[in-house]
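By convention in this document, chain letters (A, B, ...) are assigned in the order of the sequence lines, proteins followed by strands, and residues within each chain are numbered from 1. These figures come from a predicted structure and were not determined experimentally.
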Amino acid sequence: MSTTAKEDKSEQLRKMRHSASHIMAEAVQSLFPDTKFGIGPAIENGFYYDFELPRSLTPDDLISIEAKMKEIIKNGVPFTQQDMSKKEARQIFADQPYKLELVDELPDDTVSIYRQGSFTDLCKGPHVASSREVRAFKLTTIAGAYWRGDETRPMLQRIYGVAFLDRKQLKAHLHMIEEAGKRDHRKLGRELDLYSISNAIGPGLALWHPKGALVRRTIEDFWKDEHLKKGYDLLYTPHIAKSDLWKTSGHWEMYRENMFSPMDVEGQEYVLKPMNCPFHIMIYKSTLRSYRELPIRYAELGTVYRFERSGVLYGLTRVRGFTQDDAHIFCRRDQLQSEIEGILELVQYMMSSFGFEKYDIMLSTRPDKYAGTLEAWDEATEILRQALEHLDLPYEIDPGEGVFYGPKIDVKLRDALGHTWQGPTIQVDFNLPARFDVNYIGQDGNEHQIVMIHRTVLGSMERFLACLIEHYGGAFPLWLAPVQAVVIPITDRHAGYAEKIKVALQEAGISTRVDTRSERMNLKIREAQLQKIPYMLVVGDREEENSTIAVRKRTGEKQETVTLNDFIKTANTHIKERDNEL
RNA sequence: GCCAGCGUAGCUCAGUGGUAGAGCAGCGGUUUCGUAAACCGCAGGUCAAGGGUUCGACUCCCUUCGCUGGCUCCA
């Protein structure tokens with residue numbers, strides 16, 4: 001298909017989805033004549049429309065709305081467009097407060113409306129010619145949504161639908177959703193016994209079970225090794241600090257709603273840390289610094305606590321206590337760009353090591369609420385941009401999405417199913433160096449203010465694990481797998497040999513379990529398979545006699561019988577190389 | 001936090017006003033087996049918590065907690 005044909009098709013799809021949303025609105029209007037209409041755009045995979053209704057919708061309503069929509073589609077009602085003055089539009093939408101608000105905000109005096117059947121909407125289009133062109137669709141969910149995304153405004157009821165050019169694509173999409181459900185890290189987290197969140201502990205506070213902890217240790221060891229290689233120093237810092245520290249840093253003022261309430265310690269107020277930066281700054285400031293020792297790169301797997309509103313918590317991706325793979329770089333202005341580039345290279349290396357080939361890079365600019373001067377923001381934003389361009393990395397601008405203390409580069413990972421995950425982030429900060437008076441002595445013998453970078457290359461251990469689980473569908477590559485091999489004796493009399501194999505493998509650094517229950521081998525294989533253990537090592541009479549093991553891979557490849565040493569050698573090679581194919 | 005839905009055994013789920021059920025997991029036996037589920041038995045629940053309506057509540061109502069799907073907000 002040519003590029004233009006592709007564009008035509010996606011434009012057609014978009015038009016059709018948008019029209020589907022209008023047809024849904026017409027269906028809702030016929031069922032609820034007093035409906036007040038919000039907006040109803042086409043979105044990725046489908047469409048939605050927001051309504052103010054006399055009562056809450058139920059899933060049964062979706063069925064009747066869908067039936068009504070099919071009727072409208074079958075009747076082939078035409079979509080017609082008309083331009084009119086705002087005055088006329090106000091008359092048409094006299095009993096539609098949300099539409100009136102939109103009319104008032106449009107810049108031109110002439111506005112566009114679309115009609116189909118009994119439904120009229122303020123809309124610039126385009127639409128399909130006839131409702132008949134809307135083919136494969138399905139209403140999916142009902143949700144609450146604030147009018148114009150503003151939580152101080154009324155909450156409307158939103159109906160989401162998916163729509164495609166034909167039934168086959170719709171089916172494929174619904175199937176994809178189902179597959180995604182099987183990879184859900186919350187489900188796999190329990191099934192693979194990686195982590196849990198206990199109500200007795202509190203929502204948003206994760207418990208890492210032994211297997212999750214093993215995966216984490218592998219990630220952390222790799223992370224630490226790479227950071228030491230790249231010239232970072234590793235730190236440990238406490239979890240609480242005096243409130244005054246956060247007043248100096250500006251968090252008290254700018255970040256208060258995300259911090260847990262203070263606690264009283266012998267008359268002094270302390271809070272749980274929402275960030276690691278002030279601690280690293282204190283280490284930097286523990287002595288006088290020369291320009292010669294810059295850049296200083298401090299890295300820490302730092303656990304922070306942030307208050308998140310209950311409705312936003314989600315599995316391991318949105319929690320209230322989490323460990324950032326944090327680092328702060330203290331450098332001179334002239335070192336900033338090369339430091340940023342170094343971080344971007346490290347990010348790329350980390351991402352490919354963990355098997356993420358696709359990611360989107362976003363450059364976030366100054367938000368409404370910010371610290372520092374306009375000039376400083378412009379300069380830092382420009383340096384981030386130059387670093388991205390120098391490395392030839394494609395990126396998009398995310399206007400106003402920077403943090404209060406500086407612009408940032410965010411990396412959004414794409415997992416195996418194309419979901420995006422906010423992971424690595426690189427943030428320039430000119431708030432803290434000023435507030436904490438972070439300096440170095442320059443060549444000229446005078447004090448100069450430091451330039452500070454905050455960055456993570458994974459994001460947080462919690463979110464990154466969630467992302468890995470979903471990316472691999474729980475089947476971690478060998479090097480990351482919490483249990484890399486399980487030894488399966490065929491009968492009880494092979495248990496001793498199996499045990500010996502297990503001990504040898506453990507000693508060789510391969511995470512191994514042995515299944516000596518008096519169960520049939522088939523059951524043990526099935527369970528190991530469901531646990532997605534990379535290697536099942538079956539041992540019976542033949543293996544014991546020849547001092548070998550029968551290697552079954554979870555991929556179902558043909559099994560091989562090898563000696564223990566050969567197995568250790570190949571397994572350890574794959575582990576050492578961090579082979580993501582295995 | 002907001003809107004809607006949900007909460008029954010460790011897990012997955014039946015049960016709609018009249019004495020709480022199944023499969024898997026667990027435990028006890030029997031079986032000793034060659035690449036994805038052997039067989040028999042046993043035990044397991046303040047039906048999320050608290051309050052109310054009722055002769056009687058898992059079931060209806062209210063409150064709280066938690067979860068799910070969204071909205072808003074973020075590593």
- Message: Would you say CD of A:Glu396 has more than 12 non-hydrogen atoms from neighbouring residues, nucleotides or ligands within 6.0 angstrom?
- Response: no

Identify every side-chain donor-acceptor pair in residues 548-559 of chain A under 3.5 Å, counting partners at least two apart or on other chains, and give the distances.
{"from": "A:Arg552", "atom 1": "NH1", "to": "A:Gln529", "atom 2": "OE1", "distance (Å)": "2.6"}
{"from": "A:Lys553", "atom 1": "NZ", "to": "A:Glu557", "atom 2": "OE1", "distance (Å)": "3.3"}
{"from": "A:Arg554", "atom 1": "NH1", "to": "A:Phe476", "atom 2": "O", "distance (Å)": "3.0"}
{"from": "A:Arg554", "atom 1": "NH1", "to": "A:Lys532", "atom 2": "O", "distance (Å)": "2.7"}
{"from": "A:Arg554", "atom 1": "NH2", "to": "A:Phe476", "atom 2": "O", "distance (Å)": "2.6"}
{"from": "A:Thr555", "atom 1": "OG1", "to": "A:Glu557", "atom 2": "OE2", "distance (Å)": "3.0"}

- Given RNA chain B, 5'-ward residue of the pair A:Gln559 and A:Phe307, judged by closest heavy atom: A:Phe307

- Between B:U32 (P) and A:Lys524 (NZ): distance, integer Å: 14 Å

- Item | Working for salt bridge (Lys or Arg N to Asp or Glu O under 4.0 Å), residues A:Asp410 and A:Lys408 | CA-CA 6 Å; A:Asp410 281 335; A:Lys408 63 175 179 172; 3.1 Å; yes

- Item | A:Ser310 side chain, from C-beta outward: closest of B:U35, B:C71, B:G1 | B:G1

- Is any N or O donor-acceptor pair between the side chain of A:Arg552 and the base of B:U35 shorter than 3.5 Å? yes

- Query: What's the CG-P distance between A:Asn45 and B:G70, to the nearest Å?
  - Reply: 13 Å

- Can you tell which of A:Arg306, A:Arg320, A:Arg318, A:Arg216 makes a salt bridge (Lys or Arg N to Asp or Glu O under 4.0 Å) with A:Glu462? A:Arg216

- Item | Short side-chain N/O contact to B:C74 OP1/OP2 from A:Arg320, under 4.0 Å | no

- Message: With a 4.0 Å cutoff (strictly under), does any side-chain N or O of A:Arg309 reach OP1 or OP2 of B:C71?
- Response: no

- Testing B:A36, B:C67, B:C33 for proximity to the side chain of A:Gln529, the answer is B:A36

- Message: B:G70, OP1 or OP2 - any side-chain N/O from A:Tyr146 closer than 4.0 Å?
- Response: no

- Query: With no angle test and no hydrogens, is the base of B:C2 tied to the side chain of A:Arg153 by a donor-acceptor pair under 3.5 Å?
  - Reply: no

- Item | Under 3.5 Å donor-acceptor pair, A:Glu308 side-chain atoms to B:A75 base atoms | yes

- Ring-face cation contact, A:Phe222 with A:Arg217, 6.0 Å cut, 45° max: no

- Note on the structure: Atom NZ of A:Lys187 and atom P of B:C13 are separated, to the nearest Å, by 9 Å

- N or O in side chain of A:Tyr314 less than 4.0 angstrom from B:G69 OP1/OP2: yes

- Whole angstrom is fine here: how far is it from CD1 in A:Ile39 over to P in B:G70? 18 Å

- Output the single nucleotide from B:G34, B:U72, B:C2 whose closest atom is nearest the side chain of A:Met155. B:C2

- Separation of atom CG in A:Asp50 from atom C1' in B:U72, rounded to whole Å: 13 Å

- Query: Has the side chain of A:Arg318 got a donor or acceptor atom sitting under 3.5 Å from an opposite partner on the base of B:C73?
  - Reply: yes

- Where the side chain of A:Met521 is concerned, which of B:U32, B:G34, B:A36 is the nearest nucleotide? B:G34

- Which value, in whole Å, describes the distance between the P atoms of nucleotides B:U59 and B:G52? 14 Å

- For A:Ala143 and for A:Arg542, find the nucleotide of RNA chain B with the closest heavy atom, then tell me which residue's nucleotide is more 5'. A:Arg542

Between N or O atoms, less than 3.5 Å apart, protein on one side and nucleotides 4-9 of chain B on the other: list the pairs.
{"from": "B:A4", "atom 1": "OP1", "to": "A:Ser56", "atom 2": "OG", "distance (Å)": "3.4"}

- With sugar-phosphate taken as primed atoms, P, OP1 and OP2 and all else as base, the protein-contact string of nucleotides 24-29 of chain B at under 4.0 Å (heavy atoms; B, S, -) is ------

- Query: So, A:Glu339 and A:Arg455, do they make that salt bridge, N to O below 4.0 Å?
  - Reply: no

- Message: If you apply the rule salt bridge (Lys or Arg N to Asp or Glu O under 4.0 Å), what do you find for A:Lys230 with A:Glu226, and how did you get there?
- Response: CA-CA 6 Å; A:Lys230 298 278 183 202; A:Glu226 290 308 314; 5.6 Å; no

- Query: In whole angstroms, how far is the P atom of B:C74 from the NE2 atom of A:His251?
  - Reply: 14 Å

- Message: Expressed as a whole number of angstroms, how long is the span from A:Ile159:CD1 to B:C71:C1'?
- Response: 15 Å

- Does the aromatic ring of A:Tyr160 sit over the six-membered base ring of B:G70, closer than 5.5 Å centre to centre and tilted less than 30°? no

- Side chain of A:Asp492, base of B:U32: donor and acceptor closer than 3.5 Å? yes

- Could you work out the separation of B:A14 and B:C73 based on their C1' atoms and round it to a whole Å? 39 Å

- Quick one: A:Ile525 CD1 to B:A36 C1', roughly how many Å, whole number? 7 Å

- Distance-only donor-acceptor test (3.5 Å): side chain A:Glu257, base B:G1: no

- Side-chain donor or acceptor of A:Arg520 under 3.5 Å from a matching atom on the base of B:U32? no

- Task: May I ask you to verify if any side-chain N or O of A:Arg186 is less than 4.0 angstrom from the OP1 or OP2 atom of B:U68?
- Result: yes

- Task: Would you mind telling me which of A:Arg148, A:Arg153, A:Arg158 makes a salt bridge (Lys or Arg N to Asp or Glu O under 4.0 Å) with A:Asp50?
- Result: A:Arg158

- Please tell me which of the listed nucleotides, B:A36, B:C33, B:G70, lies nearest to the side chain of A:Arg493? B:C33

